[in-house]
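The next block holds one structure in the form of structure tokens; read it before the comments.
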Amino acid sequence: MTYTNPILNADWSDPDVVRVGEDFYLTASSFGRVPGLPLLHSRDLVNWTLVGHALQHLEPAAEFAVPRHDCGVWAPSIRHHDERFWIFWGDPDQGIFQINAPEIRGPWTSPHLVKEGKGLIDPCPLWDEETGEAYLVHAWAKSRSGVKNRLTGHRMAPDGTSLLDDGKLIVDGDRIPGWFTLEGPKLYKHDGWFWILAPAGGVETGWQGAFRSRGFFGPYEERIVLEQKDTEVNGPHQGGWVRTASGEDWFLHFQQRGAYGRVVHLQPMRWGPEGWPVLGDDGAPVAVHREPALPPQPAAAPATDDDFPGGRFGRQWSWTANPQDGWAPHHSGDGLRLSCVRSADAHDLRKLPNVLTQRLPGTPSAVEVGLELHSEEPGARAGLAVLGDAFGWIGLERGADGTVQVVHRFAEGVAERERDAELPRLAPEGRVRLRIEIGAGARCRFFSDLGDGPRPSGPVFAATPWRWVGALLGLFALAPVGSGHAGAATFTNFRIDSL
């Protein structure tokens, strides 16, 4: 049996992986979305399911009460030590955080600040089982610190709560000819060496490096172990090494794919005659490869569809900021009822915290959802969106004359407010089936169905990423500024099907 890359064809950014017994667990960056730190599970490294999130809200709560799409949780590392799961991550504006739990589904501890500072990113711990000592390595974000292309190492308290020194520069990328933007380190001990697997060269064009030293603080020697070569996989790098129970080595990494974000690939890994890791096909990423020698598993992927049973949404959804009570009131029936949240920013979905999002699929797909608008408030609206630096949405709006109309609006990346992509049309029953067809290059075509079949709306819209985040699908309900409850909208039968 073979598998085909990418194994996770959506924006599971900056993946890291760990094995515990026969199970593999993966986490990824979640930036400003809540809940954060997604937790994925697999038994064969190919088929993955989303089993939860480790972070239920972002701190400081006041700062993350509004969308901060490129902030928050950057490049986490996941490890298992002392019968507990550990996740370390860097918040570029605050410092290095850590949480831990006895089981992957929790309960997870509250975030603990291990090292305070600006621009501290991509941390990874190591507990040396031979000596009992613990270490931590991290990278730097130039946007916050003025420094990049270097890795700093610390001794860490074995309980993971604090660092025992001021840190030492252990790899300086400026001293390596041709290297730039060294970041994303993952730290291991193997065959008597300290290993740092770290990418460089930027997310779209870079490569995967390996560094080794007999002592944690160096000196390190380096080698490029994975790069694009003559393949179509641009910038293959930043991820984690994992060894199966039978001793096979594998490496998971991302590929930057524009609006689709950072999709995840699986590479075979072996140790060459000189003791260096060899990734992929002699250092080039593989497109198709033999599956890991693990018990066969049924095909699986993180859930996308949702019937919203009992009025609740599935694990695949995250808010664009810390949620507040009343955004998604529960009710006895199926379907997701979202309150029409009043906002002065109703003209710009990018500024709204109450947008419920999931990842844009990485293959041509059709997204559909049913919508009914219950609000009597003039200007109240709800819809299905494609959200990035630019956005487009289609949905329902209550007019000043009391009628409900199908509306389709968009905003370019430089625009400060949305405008019509199609003239509104009457929705006599106040309900509609919405559809977005996502073609090659994340080019989106919008449709509405009032019971007489899907009708195309407006021109094609090319989805765009945020700076570091792939485009998102979103559901929202909102209303203009005013007083009192503004009503609600109900979403039903959310589906994503391949085209």
Determine whether more than 12 heavy atoms belonging to other residues, nucleotides or ligands lie under 6.0 Å from atom CD of Glu103. no
Would you call Arg495 and Asp307 a salt bridge, using N to O less than 4.0 angstrom? yes
Interatomic spacing from CH2 in Trp74 to CG in Asp14 - rounded to 0.5 Å: 9.5 Å
Is any NZ, NE, NH1 or NH2 atom of the basic residue among Glu377 and Arg398 found under 4.0 Å from an Asp or Glu carboxylate oxygen of the other? no
Working to the nearest 0.5 angstrom, can you tell me the gap between Ile496 CD1 and Asp305 CG? 6.5 Å
Using 0.5 Å steps for rounding, measure from the CG atom of Leu40 to the CG atom of Asn47. 12.0 Å
Residue Gln297 excluded, over 12 heavy atoms near CD under 6.0 Å: yes
Parallel, tilted or perpendicular: which describes the rings of His265 and His253, with under 30° parallel and over 60° perpendicular? parallel
Among side-chain atoms of Ser13 and Asp11, is any donor-acceptor pair under 3.5 angstrom? no
So, Gln56 side chain and His53 main chain: donor-acceptor pair closer than 3.5 Å or not? yes
With a 3.5 Å distance limit and no angle check, can you tell me whether Arg350 reaches the backbone of Leu387 through a side-chain donor-acceptor pair? no
Within the side chain of Asp345, is there an N or O that forms a donor-acceptor pair under 3.5 Å with the backbone of Leu352? no
Can any side-chain N or O of Thr320 pair as donor or acceptor with the backbone N or O of Pro353 at less than 3.5 Å? yes
For the residue pair Ala479 and Ala346, what are the closest heavy atoms and their distance? O-CB, 4.4 Å
For Phe447, does its backbone N or O pair with a side-chain atom of Ser457 as donor and acceptor, under 3.5 Å? no
More than 12 foreign heavy atoms under 6.0 Å from CZ of Arg105: is that the case here? no
So, are Arg43 and Asp23 salt-bridged, with charged N and O less than 4.0 Å apart? yes
In terms of relative ring orientation, are Phe308 and Phe494 parallel, tilted or perpendicular, with 30° and 60° separating the classes? perpendicular
If you measure from CH2 on Trp317 to CG on Leu473, what distance do you get to the nearest 0.5 Å? 7.0 Å
What class does the angle between the rings of His81 and Trp86 fall in, given that below 30° is parallel, 30 to 60° is tilted and above 60° is perpendicular? tilted
For the residue pair Trp12 and Trp48, is the inter-centroid distance of their aromatic rings smaller than 6.0 Å? no
Whether the side chain of Asn9 engages the backbone of Pro361 through a donor-acceptor N/O pair (distance < 3.5 Å, no angle test) should be reported. no
Tell me the closest heavy-atom pair linking Phe410 and Asp420, and the distance in Å. CE2-O, 3.8 Å
So, Trp468 versus Phe31, ring centres under 6.0 angstrom or not? no
Sidechain N-carboxylate O distance under 4.0 Å for Asp348, Arg417: no
Evaluate the criterion side-chain contact (heavy atoms from CB on, under 4.5 Å) for residue pair Gln324 and Val341; output intermediate values, then yes/no. CA-CA 10 Å; Gln324 298 179 20; Val341 177; over 6 Å; no
Kindly state whether the ring of Phe251 and the ring of Trp241 have centres lying under 6.0 angstrom apart. no
Is there a donor-acceptor pair closer than 3.5 Å between any side-chain N or O of Gln267 and the backbone N or O of Val286? yes
Going by ring-ring contact (aromatic ring centres under 6.0 Å, His included), name the residues that satisfy it together with His138, two or more places apart in sequence or in a different chain. Trp140, His154
Distance, nearest 0.5 Å, that separates CH2 of Trp108 from CG of Leu39: 6.0 Å
Check whether any side-chain N or O of Arg342 sits under 3.5 Å from a backbone N or O of Ser483 as a donor-acceptor pair, and report yes or no. yes
Just how far is it from atom CD1 of Ile87 to atom CD1 of Ile104, taken to the nearest 0.5 Å? 6.0 Å
State which residue, out of His347, Glu397, Glu422, fulfils the side-chain hydrogen bond (donor to acceptor under 3.5 Å, both in side chains) condition with Arg409. Glu397
Sort and list the pairs that fulfil salt bridge (charged side-chain N to carboxylate O under 4.0 Å, His left out) and have at least one residue in residues 71-86, not counting sequence neighbours. Asp16-Arg79
Which word best sums up how the rings of His237 and Phe254 line up, parallel for under 30°, tilted for 30 to 60°, or perpendicular for over 60°? tilted
Look at Glu412 together with Arg419 and state whether they make a salt bridge at an N to O cut-off of under 4.0 Å. yes
Tell me whether Asp325 at atom CG has more than 12 heavy atoms from other residues, nucleotides or ligands lying less than 6.0 Å away. no
Quick one: does Thr109's side chain have a donor or acceptor within less than 3.5 Å of a partner on Asn100's backbone? yes
Exam field: side chain His41 to backbone Val51, donor-acceptor pair closer than 3.5 Å: no
I'd like to know if the side chain of Ser29 pairs up with that of Arg262 as donor and acceptor (distance under 3.5 Å, no hydrogens or angles considered). no
Do you know which two heavy atoms are closest between Gln208 and Leu279, and how far apart they sit? CG-CD1, 4.1 Å
Thr490 and His374: side-chain donor and acceptor closer than 3.5 Å? yes
More than 12 heavy atoms of other groups within 6.0 Å of Arg455 CZ: no
Walk me through it: do Phe491 and Phe313 pass the test side-chain contact (heavy atoms from CB on, under 4.5 Å)? CA-CA 10 Å; Phe491 295 88; Phe313 52 84; over 6 Å; no
